[in-house]
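One structure is given below, encoded as structure tokens.
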Amino acid sequence: IRARLMLIYQRLPLKRKGQRIIIGGAPDDLHELGPLMLAILLRDAGYAVEFLGPDNPLVDLAEYAAEENIRMVILSATTLESAMSLGQFKQILENKSPSLIFAYGGGAFTYKPELVQTTPGIYLGKTLTHSLERVHELLPPKK
């Protein structure tokens, strides 16, 4: 399934003038199908999406996002531990690039909805459809 999804993702054209988004997994989170599917949907909708895969170190990710003029970072967390690690990410991002939008989602927030209240950033919702709609609201695609 992952190989098929990557093939779809790679075949979609990268809109160089589209709003720049990076998507990946939270630290120590190895799940990647959900974020990859969202990357496909966003790339198909006209965003310049870069899929980073699972287990991303937060400080390096913030530095990369600031250097590359990224508009939004989306991270997925499926475990309690990986979800809790996201609590510090918004502050790290604000120190590097205050205008950058941080959004998150994943199974951890579905199974423990109280995590949404304690995780800074923007929760995208329980489904891919809701996540896509929220991204459109927060960062309308360039025409």
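Remember, predicted model here, so these are calculated numbers, not experimental data.
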N/O donor-acceptor pairs under 3.5 Å from side chains in residues 16-23, not counting sequence neighbours:
from	atom 1	to	atom 2	distance (Å)
Q19	NE2	P140	O	3.2
R20	NH1	E68	O	2.3

Result block: side-chain N/O donor-acceptor pairs under 3.5 angstrom for residues 28-37, not counting sequence neighbours:
from	atom 1	to	atom 2	distance (Å)
D29	OD1	H31	N	3.1
D29	OD1	T78	OG1	3.0
D29	OD2	T78	N	2.4
D29	OD2	T78	OG1	3.0
D29	OD2	S82	OG	2.8
H31	NE2	G34	N	3.2
E32	OE1	R2	NE	3.2
E32	OE2	R2	NE	3.0

> Linking I/L/V/M/F/W/Y whenever their side-chain heavy atoms sit closer than 4.5 Å, directly or via other members, would I101 and L41 fall into one cluster?
Replying inline: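 Yes; L41 is reachable from I101 via cluster members.
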>> I'd like to know if L42 and L128 are part of one continuous hydrophobic network [Ile/Leu/Val/Met/Phe/Trp/Tyr, side-chain heavy atoms within less than 4.5 Å].
In response: yes
> Going from CD on E63 to CG on L61, what distance comes out if it is rounded to the nearest 0.5 angstrom?
Replying inline: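 One gets 10.0 Å once the value is rounded to the nearest 0.5 Å.
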> CD1/I122 to OG1/T119 distance, rounded to the nearest 0.5 angstrom?
Replying inline: 13.0 Å
>> Taking atom CE as the centre, does M84 end up with more than 12 heavy-atom neighbours from other residues, nucleotides or ligands that are less than 6.0 angstrom away?
In response: no
Go through the structure and list residues passing salt bridge (Lys or Arg N to Asp or Glu O under 4.0 Å) with [X], not counting sequence neighbours.
{"X": "R71", "answer": "none"}
{"X": "K126", "answer": "none"}
{"X": "E133", "answer": "none"}
{"X": "E137", "answer": "R134"}

>> Could you work out, with side chain to side chain donor-acceptor pair (under 3.5 Å) as the rule, every residue matching E114, not counting sequence neighbours?
In response: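 Here no residue qualifies.
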Validation row: [X], [Y] side chains within 4.5 angstrom (heavy atoms):
{"X": "L115", "Y": "L80", "answer": "yes"}
{"X": "I1", "Y": "L5", "answer": "yes"}
{"X": "V135", "Y": "I74", "answer": "yes"}
{"X": "L75", "Y": "V73", "answer": "yes"}

>> Run the side-chain contact (heavy atoms from CB on, under 4.5 Å) test against E94 and tell me which residues pass, sequence neighbours left out.
In response: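 So E94 forms a side-chain contact (heavy atoms from CB on, under 4.5 Å) with K90, Q91.
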> In the hydrophobic cluster built from side-chain contacts under 4.5 Å, what are the other members alongside L14?
Replying inline: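 Members besides L14: none; it forms no cluster.
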> Which atom names give the shortest non-hydrogen contact between P120 and G87, and what distance separates them?
Replying inline: CG-O, 3.3 Å
> What residues, two or more places apart in sequence or in another chain, satisfy ring-ring contact (aromatic ring centres under 6.0 Å, His included) together with Y104?
Replying inline: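 Once residues adjacent in sequence are excluded, the partners of Y104 under the ring-ring contact (aromatic ring centres under 6.0 Å, His included) criterion are F102, F109, Y123.
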> Going through the distances and angles, do I40 and F51 end up as a side-chain contact (heavy atoms from CB on, under 4.5 Å)?
Replying inline: CA-CA 9 Å; I40 289 168; F51 177 68; over 6 Å; no
> Any side chain to side chain donor-acceptor pair (under 3.5 Å) pairs touching residues 43-61, not counting sequence neighbours?
Replying inline: Y9-R43, Y47-H136, E50-Y64
>> Any side-chain to backbone donor/acceptor pair from S97 onto L93? Under 3.5 Å, distance only.
In response: no
> Going through the distances and angles, do L58 and Q88 end up as a side-chain contact (heavy atoms from CB on, under 4.5 Å)?
Replying inline: CA-CA 9 Å; L58 298 180; Q88 61 187 341; 3.8 Å; yes
> Among pairs that include at least one residue of residues 99-111, which meet salt bridge (Lys or Arg N to Asp or Glu O under 4.0 Å), considering only residues two or more places apart or in two chains?
Replying inline: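 For residues 99-111: none.
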